[in-house]
Amino acid sequence: MGPLLFCCLLAPAGPLLLLLLPMEIPSRVAIFNTILEIKGKQGTLIAIDERGYFEVSMDVSGKLHTVLFPIDQTVLIFNEPLAQVVADFEVER
């Protein structure tokens, strides 16, 4: 089972905390990276390294390569939307 994701949304009645179900890895993703100036290139997320890297398999010049992208300079958008479960409590500020 993959890592759990949490999302805090601001709503007129106050912030809501959403628990997003575990993500599936490997998973198809769109990659955005500032270093390589990649904008929406397709790849497969293989792992999230504890040292701060996304491990992604992607096509480079017609061949499949494993690429390590630094988390702080990369955005991944999953091709499949995650199911959402609304938490039954509110976050107080």
Side-chain angles (χ1 to χ4, degrees):
M1 182 183 306
L4 292 177
L5 299 178
F6 293 91
C7 179
C8 184
L9 300 175
L10 297 178
L16 297 174
L17 181 67
L18 298 178
L19 169 65
L20 302 175
L21 299 178
M23 62 181 152
E24 297 292 323
I25 295 180
S27 188
R28 297 288 298 161
V29 294
I31 306 159
F32 298 82
N33 178 271
T34 56
I35 296 171
L36 297 177
E37 299 180 3
I38 293 175
K39 297 179 181 175
K41 186 167 177 78
Q42 292 296 304
T44 302
L45 176 64
I46 303 300
I48 301 173
D49 188 279
E50 61 188 34
R51 294 168 288 188
Y53 291 93
F54 291 122
E55 181 180 342
V56 176
S57 175
M58 61 185 275
D59 179 66
V60 178
S61 299
K63 295 185 180 181
L64 198 59
H65 291 271
T66 298
V67 182
L68 299 177
F69 288 105
I71 290 173
D72 64 344
Q73 297 179 9
T74 306
V75 172
L76 299 180
I77 298 177
F78 287 79
N79 288 355
E80 295 294 322
L82 298 174
Q84 297 181 19
V85 178
V86 177
D88 60 353
F89 60 89
E90 291 186 25
V91 176
E92 290 187 31
R93 293 184 76 166

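The NE2 atom of H65 sits 7.5 Å away from atom CG of D59, with the distance rounded to the nearest 0.5 Å. Going from atom CD1 of I48 over to atom CZ of F69 covers 14.0 Å, rounded to the nearest 0.5 Å.
Linking Ile, Leu, Val, Met, Phe, Trp and Tyr residues whenever their side-chain heavy atoms come within less than 4.5 Å leaves I71 and V75 in two separate clusters.
Counting non-hydrogen atoms of other residues, nucleotides and ligands closer than 6.0 Å to OH of Y53 gives a total of 12 or fewer.
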Evaluate the criterion side chain to side chain contact (heavy atoms under 4.5 Å, CB included) for residue pair N79 and Q42; output intermediate values, then yes/no.
CA-CA 9 Å; N79 288 355; Q42 292 296 304; 2.7 Å; yes
Check step by step if side chain to side chain contact (heavy atoms under 4.5 Å, CB included) holds for S57 and L64.
CA-CA 7 Å; S57 175; L64 198 59; 3.4 Å; yes
If you apply the rule side chain to side chain contact (heavy atoms under 4.5 Å, CB included), what do you find for L76 with I31, and how did you get there?
CA-CA 5 Å; L76 299 180; I31 306 159; 3.8 Å; yes
Would you please test F32 and T74 for side chain to side chain contact (heavy atoms under 4.5 Å, CB included) and show each step?
CA-CA 6 Å; F32 298 82; T74 306; over 6 Å; no
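In this structure the side chain of L68 never reaches within 4.5 angstrom of the side chain of D49, judged on heavy atoms. Side chains of I46 and V56 form no contact here, defined as non-hydrogen atoms less than 4.5 Å apart. The side-chain heavy atoms of M58 and I38, taken from C-beta on, include a pair separated by under 4.5 Å.
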